[in-house]
Undergrad: 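Submitted below is the structure of interest, expressed as structure tokens.
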Amino acid sequence: MVNGLIIKHVLASTEPRQAVTVKGWVRTRRDAKGFSFLELNDGSCLASLQVVVDAGIPGAEHLPQFTTGASVVVEGNLVPSPAKGQKWELRASRVELVGAADASYPLQKKGHTMEFLRTIAHLRPRSNLFGAVFRVRSRLAFAVHKFFQDRDFVYVHTPIITASDCEGAGELFRVTSLKGNIDEKPEADFFSKRTFLTVSGQLEGEAFACALSRIYTFGPTFRAENSNTARHAAEFWMIEPEMAFCDLQADMDLGEEFIKAMAQYAREQCADDLALFEKFVDKELGHRLRFVVERPFVRVPYTEAIAVLKKSGRKFEFPVDYGLNLQAEHERFLTEEHFKSPVTVYNYPREIKPFYMRLNDDGQTVTAMDVLVPGIGEVIGGAQREERLDQLAENMKLHNLKPEDYGWYLDLRRYGAVPHAGFGLGFERLLMFLTGVPNIRDVIPFARTPGNAEF
RNA sequence: UCCAGAGUAGCUCAAUGGUAGAGCAGCCGGCUGUUAACCGGCGGGUUACAGGUUCGAGCCCUGUCUCUGGAGCCA
């Protein structure tokens with residue numbers, strides 16, 4: 001069944017070809033006297049193949065049904081196109097209607113709004129823009145693996161279902177097979193305890209880094225937060241490298257190198273699709289990606305970032321002071337206006353960061369780092385982990401965590417503890433940054449957000 | 001969850017409290033190596049939902065739902 005050529009390869013031909021078979025969906029048909037033009041797209045690339053169908057060839061009697069959205073098979077010869085707009089066209093010798101699409105087919109030849117296309121998520125990959133988004137998503141998923149595999153990182157599949165709520169941050173989705181009151185007898189549940197969908201593979205990742213030295217995870221992650229923004233989803237993919245014998249500096253180096261590498265890969269491998277994004281969603285895209293690849297990231301300690309914000313003379317809605325979290329408006333000012341560059345902020349006050357981050361010698365700050373990028377804000381959050389057992393226990397006390405709930409995690413500090421570090425990176429936020437698509441729902445095939453699990 | 005805005009034809013949008021319209025799409029016809037083709041014609045509406053004010057509501061008021069933008073939480 002899978003035979004014939006994909007349009008991407010047909011269009012890349014260097015010379016005419018005889019007896020080519022292509023299969024795809026009709027984007028539009030233009031009728032002329034005695035023949036018709038079909039724009040045929042199979043999703044293998046942005047461009048469609050122009051097909052010339054003469055009246056009278058086998059199958060041409062069904063031409064009225066070759067409407068936008070219909071699936072068809074075309075056989076013919078690939079010849080140079082005499083008209084402007086395309087190098088090649090397929091002169092059909094036989095056409096076959098596979099599946100018709102009647103007048104109710106919702107995708108028109110004209111542009112649609114992103115909001116409307118979201119309501120037809122099962123059909124929107126047939127549009128130019130979403131075809132491009134999901135081709136790029138695929139290429140970059142591959143690039144993520146290539147980046148880490150080239151650097152001898154080991155891919156670890158951390159569990160999706162977990163009993164640890166990972167620092168108690170964020171709402172978790174409960175996983176249960178119980179009926180009725182699920183909190184009455186959790187020990188009667190499938191796993192004999194309360195379980196959740198993972199919010200991070202970090203803790204398990206640390207265990208494997210403390211054995212295989214360099215590891216990464218790349219998989220689905222879940223947050224039950226009632227977040228209604230263009231940057232949050234209930235189900236998203238996170239990339240979490242973790243390195244043994246690694247400090248904060250090397251961690252930041254890796255994070256910055258990673259983002260540069262992804263931008264470079266996209267520019268090299270997805271040029272056609274990126275050109276579409278630049279034309280229709282983000283005029284600055286090309287400029288920004290080149291900038292990210294070529295220029296070094298700015299790196300500032302949290303205290304310096306606070307000083308920059310205070311000295312800016314800018315009136316912020318939220319207060320700026322040591323010990324307070326950087327708000328979205330502050331992050332945006334730093335990366336978009338002040339430095340005009342991706343910015344890595346590090347060494348945050350310990351009070352505003354999780355228990356597992358390593359306490360610096362000043363006793364005040366921890367080895368946290370956030371990479372902020374223009375337009376998106378935080379795209380990486382990472383840290384060197386606290387490897388000292390006593391200090392980690394004290395941190396947990398400070399955060400009202402019970403050490404007995406983290407027995408195996410503390411073991412990593414009891415047996416052959418090493419300095420180690422890592423970070424978490426939201427794959428979709430990376431995609432937003434690299435495509436210019438402003439809403440996370442539009443870089444996920446079927447997005448899960450509060451109140452929406454359609455499809 | 002909070003703040004703001006929006007919801008009218010398949011899509012994108014008009015309509016001073018007074019007869020609901022246009023462009024595109026669709027259908028029919030014409031023309032043309034066309035390129036989001038072009039020209040003419042035709043069909044197309046519970047104005048998100050429920051109530052209220054008014055002689056009269058798409059428009060004003062109340063509630064609900066959905067969507068969008070911003071915020072918080074974060075990746």
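All values derive from a computational prediction rather than experimental measurement. Side chains are part of it too, since the values below use all heavy atoms of this structure and drop only hydrogens, waters and symmetry mates. Per chain, numbering begins at 1; letters A, B, ... match sequence-line order.
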Undergrad: If pairing requires Watson-Crick or G-U wobble contacts with both distances under 3.5 Å, which nucleotide is the partner of C13(B)?
TA: G21(B)
Undergrad: Identify whether any heavy atom of E235(A) sits under 4.0 Å from a base atom; if not, whether one sits that close to sugar-phosphate; answer base, sugar-phosphate or nothing.
TA: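 Touches nothing.
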Undergrad: Under 4.0 Å, counting only non-hydrogen atoms across every strand here, what does G451(A) touch: a base, just sugar-phosphate, or nothing?
TA: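 Since no nucleic acid heavy atom lies under 4.0 Å of G451(A), the category is nothing.
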Undergrad: Write down the distance between CG (L38(A)) and P (U35(B)), rounded to a whole number of angstrom.
TA: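 Atom CG in L38(A) sits about 15 Å away from atom P in U35(B).
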Undergrad: Look only at the side chain of H399(A) and the backbone of K353(A), and say whether a donor-acceptor pair between them is shorter than 3.5 Å.
TA: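 At least one qualifying donor-acceptor pair exists.
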Undergrad: Assess, by modelled atom type and distance only, whether the side chains of Y356(A) and E206(A) contain a donor and an acceptor separated by less than 3.5 Å.
TA: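 There is no such pair (donor and acceptor under 3.5 Å, judged by atom type) between the side chains of Y356(A) and E206(A).
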Undergrad: Does the structure show a Watson-Crick or G-U wobble partner for C59(B), both distances under 3.5 Å? Name it, or say none.
TA: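 Across any shown strand, C59(B) pairs with none.
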Undergrad: Calculate the interatomic distance between I440(A) atom CD1 and C74(B) atom C1'; express it in whole Å.
TA: 10 Å
Undergrad: Answer with base, sugar-phosphate or nothing: what part of the nucleic acid does S104(A) contact at a heavy-atom distance below 4.0 Å?
TA: nothing
Undergrad: Would you say the side chain of R223(A) and the base of A75(B) hold a donor-acceptor pair, judged only by whether the two atoms sit under 3.5 Å apart?
TA: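 Side chain to base: pair found, below 3.5 Å.
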Undergrad: Scan A233(A) against the nucleic acid and name what it touches under 4.0 Å (heavy atoms): base, sugar-phosphate only, or nothing.
TA: base
Undergrad: Can you find a side chain N or O atom of R429(A) that sits less than 4.0 Å from OP1 or OP2 on A75(B)?
TA: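 No, because none of the side-chain N or O atoms of R429(A) sits under 4.0 Å from OP1 or OP2 of A75(B).
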Undergrad: Could you tell me whether the phosphate oxygens of G33(B), OP1 or OP2, come under 4.0 Å of any side-chain nitrogen or oxygen in K84(A)?
TA: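 Result: no.
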Undergrad: Ignoring hydrogens and angles, are the base of U1(B) and the side chain of N228(A) linked by a donor-acceptor pair under 3.5 Å?
TA: yes
Undergrad: Please determine whether a side-chain nitrogen of the Lys or Arg among R288(A) and D282(A) lies less than 4.0 Å from a carboxylate oxygen of the Asp or Glu.
TA: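 Salt bridge: yes.
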Undergrad: Find which nucleotide of RNA chain B each of R30(A) and E115(A) is nearest to by heavy atoms, and output the residue with the more 5' nucleotide.
TA: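 Result of the comparison: R30(A).
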Undergrad: According to the Watson-Crick and G-U wobble definitions, with both distances under 3.5 Å, which nucleotide is paired to A71(B)?
TA: U1(B)
Undergrad: Think N439(A) has a side-chain N or O under 4.0 angstrom from the OP1 or OP2 of G69(B)?
TA: yes
Undergrad: Does G72(B) have OP1 or OP2 sitting under 4.0 Å from an N or O in the side chain of Q327(A)?
TA: yes
Undergrad: Could you identify the nucleotide paired to C27(B), looking across every strand shown and requiring Watson-Crick or G-U wobble geometry with both distances under 3.5 Å?
TA: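 For C27(B), the partner nucleotide comes out as G41(B), under the 3.5 Å rule.
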Undergrad: Can you tell me the Watson-Crick or wobble partner of U64(B), both distances under 3.5 angstrom?
TA: A48(B)
Undergrad: Please indicate whether K260(A) has more than 12 foreign heavy atoms, meaning atoms of other residues, nucleotides or ligands, lying under 6.0 Å from its NZ.
TA: yes
Undergrad: 5'-most contact on RNA chain B: F236(A) or E317(A), nearest heavy atom basis?
TA: E317(A)
Undergrad: Base, sugar-phosphate or nothing for F318(A)? Non-hydrogen atoms, less than 4.0 Å.
TA: sugar-phosphate
Undergrad: Side chain of R91(A), base of G33(B): donor and acceptor closer than 3.5 Å?
TA: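 Under the 3.5 Å cut-off, the side chain and the base do form a donor-acceptor pair.
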Undergrad: Nearest whole Å is fine: how far is C27(B) C1' from D31(A) CG?
TA: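 Rounded to the whole Å, the gap is 14 Å.
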Undergrad: Answer yes or no: is there an ion pair linking E257(A) with R151(A), defined by an N-O contact shorter than 4.0 Å?
TA: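 Between R151(A) and E257(A) there is a salt bridge, with a charged N closer than 4.0 Å to a carboxylate O.
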Undergrad: With the threshold set at 4.0 Å, does a side-chain nitrogen-carboxylate oxygen contact exist between E75(A) and R94(A)?
TA: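 Looking at R94(A) together with E75(A), the answer is yes, because their closest N to O distance falls below 4.0 Å.
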Undergrad: Side chain of Q108(A), base of G26(B): donor and acceptor closer than 3.5 Å?
TA: no
Undergrad: Should R118(A) be listed as having a side-chain N or O under 4.0 Å from OP1 or OP2 of U68(B)?
TA: yes
Undergrad: So, for E204(A) and P159(A), which heavy atoms are closest and what is the spacing to 0.1 Å?
TA: OE2-CG, 3.6 Å
Undergrad: Confirm from the modelled atom types if H232(A) and C74(B) form a donor-acceptor pair under 3.5 Å, side chain to base only.
TA: yes
Undergrad: With a 4.0 Å cutoff (strictly under), does any side-chain N or O of K33(A) reach OP1 or OP2 of C31(B)?
TA: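 True: K33(A) side-chain N/O within range (under 4.0 Å) of C31(B) OP1/OP2.
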Undergrad: Less than 4.0 angstrom between a side-chain N/O of T113(A) and OP1 or OP2 of U12(B), yes or no?
TA: yes
Undergrad: So, under a plain 3.5 Å distance rule, would you say the side chain of S227(A) forms a donor-acceptor pair with the base of C74(B)?
TA: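 No.
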Undergrad: Look at the side chain of E329(A) against the base of G70(B) and say whether a donor-acceptor pair falls under 3.5 Å; ignore hydrogens and angles.
TA: no
Undergrad: Within the pair R27(A) and U35(B), is there a side-chain N or O less than 4.0 Å away from OP1 or OP2?
TA: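 Negative; the distance criterion is not met.
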Undergrad: Expressed as a whole number of angstroms, how long is the span from F116(A):CZ to C24(B):P?
TA: 18 Å
